[in-house]
Amino acid sequence: MPFRAILFDIGDTLWHSQNAPPPATFRRLAGERVEAELRKLGIEGADAGLIAQTAWGSLEQAMKRARATDLVEPDYADVCRDALLRHGLKLTREQAGALLDATYVSGVEGGKAVYPDAVTTLEALRARGFRLGIVTNRAFGGTRFRDDLRDAGLDIGWDAEAVSVEAGFLKPHPALFEAALCALDVAAGEALMVGNSLLEDIAGAQAVGMKAAWRRSPPDADGVTPDYTFDEVGELLALPALTRSAG
Ligand SMILES: [Mg+2]
C-alpha cells in the first residue's frame with residue numbers, strides 16, 4: 001500500500017540536545033521557578049530546591065514505572081502531590097500540578113537544537129503531498145511542547161499531534177499510534193513511522209501494522225528489524241516509497 005502519511009518521533013529524530021547546560025543549571029532554573037510559584041500559592045517556609053527536586057524526581061520515577069509496565073501515562077500532578085505529602089507539604093492536586101509545571105526547563109534553555117536538514121525535509125515531504133504527524137512521548141504537553149516546537153522552527157502546521165501525556169499512553173502503546181492515524185484518517189498500512197528508538201518507534205509502529213524507518217542510534221531493543229534505516233533525516237527524500245504521496 002503506498003504511503004499517504006508520515007509520522008515523526010521528535011527527540012533525537014528531528015531535534016536533539018546539542019548544547020545542554022550542566023545539571024546544576026537545570027536545578028537552579030527549576031528551583032527559582034518553584035520558589036516563585038510557592039510565593040504565588042502563598043506557601044511559606046518551604047525549601048524550593050527540595051520541592052523542585054522532589055517534584056521532578058516523582059515525575060521521572062512514575063514515567064519509568066509506566067514505561068516498564070502498562071505504558072499508561074501517570075497523572076503527574078497526583079504523583080507529585082503524593083511525593084510532596086511525604087515531605088510534609090499538603091497540597092491540592094492543582095497546586096502540586098502548578099509546582100511540577102514550574103520545574104519545566106524549555107527546549108531553548110535546555111540546548112535543544114533541530115537537526116539542520118529536518119525542516120527542509122519536512123517541507124519537501126509535504127510538497128510531495130504527504131500528511132505529516134507527530135507521535136511523541138512527553139510528560140509536558142500543551143503550550144510547553146508547542147512553544148518548544150515553535151522555538152525550534154518545527155511548528156510546520158502538523159496534520160496530527162499525538163502527545164503521550166495528552167493521549168494518556170506512551171509509545172510503544174498502540175493507542176498513541178492509533179490516535180495519530182485516526183487524526184490523519186489513514187490506515188496503518190498507509191503511514192510510515194520515523195524515529196530513533198527501536199523499542200518505542202519501530203517495534204511500536206510495526207505492531208499496529210505500520211512500516212517504520214529508523215534513524216540509526218544506539219540500539220535500545222533486540223530483534224527489531226526496521227523497514228528502512230537512515231542516518232540523516234534528509235535521506236528520507238531518496239526513499240523510492242516516498243517519491244510522492246498516494247494522495
Ligand atoms: Mg526519540
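In each ligand, atom 1 is the first atom listed, and ligand 1 is the first ligand listed.
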Exercise. Would you mind checking if R146 and E166 are paired as a salt bridge, meaning a charged N to carboxylate O distance below 4.0 Å?
Key: yes
For residues 38-47, dump all side-chain donor-acceptor pairs below 3.5 Å to protein atoms at least two apart in sequence or in another chain.
residue : atom : partner : partner atom : Å
K40     : NZ   : E37     : OE1          : 3.4
D47     : OD1  : G49     : N            : 3.1
D47     : OD1  : L50     : N            : 3.1

Practice problem: Please identify each residue that fulfils side chain to side chain contact (heavy atoms under 4.5 Å, CB included) with A180, with sequence neighbours left out. | Solution: L7, V135, A162
Quiz item: Are R215 and Y115 in a cation-pi contact, defined as NZ or CZ under 6.0 Å from the six-membered ring centre and within 45° of the axis?
Solution: yes
Quiz item: Counting no waters, what protein N/O/S atoms lie under 2.8 Å from the Mg ion (ligand 1)?
Solution: D9 OD2, G11 O, N196 OD1
Quiz prompt | Short side-chain to backbone donor-acceptor contact, W214 and N196, under 3.5 Å | solution = yes
Self-check item: Sequence-distant partners of D101, side chain to side chain contact (heavy atoms under 4.5 Å, CB included), two or more places apart
Solution: F140, R144
